[in-house]
Engineer: 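I am attaching a structure below and will ask some questions about it afterwards.
The first residue of the sequence shown is numbered 1, and numbering continues consecutively from there.
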Amino acid sequence: MLKRWMVAAGLGMMLTAGTGMAFGQGPLQVAAAEAGATQAKDAEPQGTMIAPKQPVMGRRITFDLEDEKGKVTQDSFRDKYLLLAVGYSSCPDICPTTLFEYGEVMKALKNPDAIVPVFVTIDPVNDDAKRLNSYVHFFDERIVGLAGSAQNIRALADQLGATYGYRLDGKKLDKPEKGVPYSVYHSALIYLISPDRRLVDVYDYQLGPEALTQALDEVLGEPAKAGGDAAGGMKHDGNMKDEGGMKHDGSMKHGGGMQDGMKHEGDMKHGDASGDGKPAPAAASGEAA
């Protein structure tokens, strides 16, 4: 299950806002990533590199963020898988690649309605929800851009094992401010979260639309066939069976019980016949009248 992540960790693909370049990591950094080094979130990047932490498969994922319409939590997408990545709107390379891949995958999936592509900013100083969604919708209208407080974004990133940070004049910047020309660096993985909000898989952002589509199709399957609900309802709901039998002469197939039911219903509707098929007594007709 971690195979795709191990590939990404081995490549150590990282982004710097200044150059948008990717760099390979050495064996020490790869070994640390494979061991799930807990200090990764506070680690100083070597140049422009930083490693993701090891994702914890099956971990419960929660968040409290917002889109342009208001508050969004893990419960806002009921019964849907989430395909989630982190980045920011002024990212020159990795983020556009990821979002382009999102758009291509959503067009190619057999069951796109089963999943929601989500992009969470890690630069809340410059990305509000409106700006972020204007950006992500350029790639596909179905992509949901989420912003929020720095604290809440960090909390989600820590659950995923995503890492990011800021630098100014070559030094780590803890609290970026608007108008300051800081750079942003971050890990570049894509996370698959199940409808019960568990982390179930992780993909390298360079996996490519075709391979990612194939991987997701294996999880999502195909949508239910049109009309399947109606047929299923008739098979599994006893009340619908009776109604269907009466309408389609199904009573002949279901035994005397349904035939009797049809005869009694006939009595209720027709005053000229009794349950045994004989003419109704005059007194009964008079009382009914």
Side-chain angles (χ1 to χ4, degrees), residues 15 17 40-42 50 52-53 55-91 94-99 101-103 105-106 112-166 173-178 182 184-203 205 216:
L15 172 70
K41 66 178 182 180
D42 299 318
I50 189 171
K53 294 187 296 181
V56 179
M57 295 302 152
R59 182 172 187 173
R60 170 93 173 151
I61 304 298
T62 62
F63 52 86
D64 185 0
L65 301 172
E66 62 186 38
D67 63 11
E68 72 272 30
K69 297 179 181 179
K71 182 175 180 177
V72 176
T73 74
Q74 70 280 351
D75 297 323
S76 299
F77 309 97
R78 183 171 295 180
D79 300 327
K80 304 283 188 180
Y81 280 85
L82 302 181
L83 191 66
L84 191 150
V86 302
Y88 60 109
S89 65
S90 56
C91 173
I94 290 180
C95 300
T97 300
T98 299
L99 291 169
E101 191 167 309
Y102 268 16
V105 167
M106 291 303 293
D113 291 338
I115 193 166
V116 178
V118 178
F119 186 77
V120 179
T121 184
I122 42 110
D123 185 20
V125 172
N126 292 303
D127 285 341
D128 59 22
K130 183 177 181 180
R131 171 188 169 113
L132 187 65
N133 277 278
S134 295
Y135 171 61
V136 301
H137 288 168
F138 174 80
F139 298 90
D140 194 288
E141 290 289 334
R142 291 167 288 190
I143 301 174
V144 177
L146 296 181
S149 70
Q151 179 180 1
N152 288 357
I153 292 171
R154 179 69 70 181
L156 172 58
D158 287 347
Q159 294 174 60
L160 296 169
T163 52
Y164 64 93
Y166 317 97
L173 181 64
D174 291 325
K175 295 182 179 180
E177 298 178 358
K178 201 169 186 66
Y182 58 86
V184 180
Y185 54 89
H186 64 92
S187 53
L189 299 178
I190 300 173
Y191 304 90
L192 180 63
I193 301 169
S194 67
D196 63 354
R197 299 301 167 253
R198 304 285 176 179
L199 182 61
V200 294
D201 212 340
V202 181
Y203 310 99
Y205 89 102
L216 292 176

Engineer: Rounded to the nearest 0.5 Å, how far does OH of Tyr164 lie from OH of Tyr88?
Structural biologist: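 If we round to the nearest 0.5 Å, Tyr88:OH and Tyr164:OH are 13.5 Å apart.
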Engineer: Mind listing the closest non-hydrogen atom pair of Glu68 and Asn133 along with its distance?
Structural biologist: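 Answer, listing the atom of Glu68 first, then Asn133: OE1-ND2, 3.0 Å.
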Engineer: Is the backbone of Asp196 close enough, under 3.5 Å, to the side chain of Arg60 for a donor and an acceptor to pair up by distance?
Structural biologist: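 Yes; judged by distance alone, with no hydrogens or angles, the pair exists.
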Engineer: What pair of heavy atoms forms the shortest contact from Arg59 to Asp158, and how long is it?
Structural biologist: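 Here Arg59 and Asp158 meet closest at NH1-O, 3.7 Å.
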Engineer: Does the salt bridge (Lys or Arg N to Asp or Glu O under 4.0 Å) test come out yes or no for Lys130 and Asp128, once each step is laid out?
Structural biologist: CA-CA 6 Å; Lys130 183 177 181 180; Asp128 59 22; over 6 Å; no
Engineer: To the nearest 0.5 angstrom, please state how far the OH atom of Tyr81 sits from the CG atom of Leu192.
Structural biologist: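 With rounding to 0.5 Å, OH (Tyr81) is 7.0 Å from CG (Leu192).
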Engineer: Mind listing the closest non-hydrogen atom pair of Gly148 and Pro124 along with its distance?
Structural biologist: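 The answer is O-CB, 3.3 Å.
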Engineer: Evaluate side-chain contact (heavy atoms from CB on, under 4.5 Å) for Val56 paired with Gln159, printing each intermediate quantity in order.
Structural biologist: CA-CA 8 Å; Val56 179; Gln159 294 174 60; over 6 Å; no
Engineer: Within the distance-only criterion (no hydrogens, no angle test), does the side chain of Tyr102 pair as donor or acceptor with the backbone N or O of Ala85 below 3.5 angstrom?
Structural biologist: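 Looks like yes, one N/O pair under 3.5 Å.
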Engineer: Atom OH of Tyr205 and atom CG of Leu189: how far apart are they, to the nearest 0.5 Å?
Structural biologist: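 Atom-to-atom, Tyr205:OH and Leu189:CG are 10.5 Å apart.
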Engineer: Taking Asp127 for its side chain and Leu132 for its backbone only, find out whether a donor-acceptor pair lies under 3.5 Å.
Structural biologist: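 No; judged by distance alone, with no hydrogens or angles, the pair does not exist.
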Engineer: Could you give the distance from CD1 (Ile115) to CZ (Arg142), rounded to the nearest 0.5 Å?
Structural biologist: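 Rounded to the nearest 0.5 Å, the CD1-CZ separation comes to 11.0 Å.
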Engineer: Output the distance between atom CG (Leu84) and atom CD1 (Ile61), rounded to the nearest 0.5 Å.
Structural biologist: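 Leu84 CG to Ile61 CD1: 8.5 Å, rounded to 0.5 Å.
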Engineer: Do Asn152 side-chain atoms and Asp64 backbone N/O form a donor-acceptor pair below 3.5 Å?
Structural biologist: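 Such a contact is found between Asn152 side chain and Asp64 backbone.
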Engineer: Does the plane of the ring in Tyr182 sit parallel, tilted or perpendicular to the ring in Tyr166? Use 30° and 60° as the thresholds.
Structural biologist: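 Tyr182 and Tyr166: perpendicular rings.
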Engineer: Here's a test for you: under side-chain contact (heavy atoms from CB on, under 4.5 Å), which of Asp201, Leu199, Val200 qualifies with Pro55?
Structural biologist: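 Looking at Asp201, Leu199, Val200, the match for Pro55 under the side-chain contact (heavy atoms from CB on, under 4.5 Å) is Leu199.
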Engineer: Any non-hydrogen side-chain atom of Lys175 less than 4.5 Å from a side-chain atom of Val125?
Structural biologist: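 No. Closest side-chain heavy atoms not under 4.5 Å.
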Engineer: Do Phe138 and Leu99 have side-chain heavy atoms sitting under 4.5 Å apart?
Structural biologist: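 Sidechains of Leu99 and Phe138: no contact.
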Engineer: When you look at Leu82 and Tyr191, which way does the side-chain contact (heavy atoms from CB on, under 4.5 Å) test go after all the steps?
Structural biologist: CA-CA 8 Å; Leu82 302 181; Tyr191 304 90; over 6 Å; no
Engineer: Please find the pair of heavy atoms, one from Val202 and one from Met57, that lie closest to each other, and give the distance.
Structural biologist: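 The pair with the smallest heavy-atom distance is CG2-CE, 3.3 Å.
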Engineer: For Asp67, what residues pass the salt bridge (Lys or Arg N to Asp or Glu O under 4.0 Å) criterion, not counting sequence neighbours?
Structural biologist: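 With sequence neighbours excluded, Asp67 shows a salt bridge (Lys or Arg N to Asp or Glu O under 4.0 Å) to no residue whatsoever.
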Engineer: Could you walk me through whether Lys178 and Asn126 pass the side-chain contact (heavy atoms from CB on, under 4.5 Å) check?
Structural biologist: CA-CA 7 Å; Lys178 201 169 186 66; Asn126 292 303; 3.5 Å; yes
Engineer: Do Phe119 and Ser89 touch side chain to side chain, with heavy atoms closer than 4.5 Å?
Structural biologist: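 Answer no - side chains too far apart.
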Engineer: Under the 3.5 angstrom rule, does the side chain of Ser187 hit a backbone N or O of Thr163 as a donor-acceptor pair?
Structural biologist: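 Checked: pair present.
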Engineer: Which heavy atom in Glu101 sits nearest to a heavy atom in Ile190, and how many Å separate them?
Structural biologist: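 Residues Glu101 and Ile190, closest heavy atoms: OE2-CD1, 4.0 Å.
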Engineer: So does Asp75 get a backbone contact from the side chain of Arg78, meaning a donor-acceptor N/O pair under 3.5 Å?
Structural biologist: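 Checked: no pair found.
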Engineer: What pair of heavy atoms forms the shortest contact from Glu66 to Ala129, and how long is it?
Structural biologist: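 Nearest pair, atom of Glu66 first, then Ala129: O-CB, 3.9 Å.
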Engineer: Nearest 0.5 Å, please: how far is CD1 in Ile193 from OG1 in Thr62?
Structural biologist: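 So the gap between those two atoms works out to 10.0 Å.
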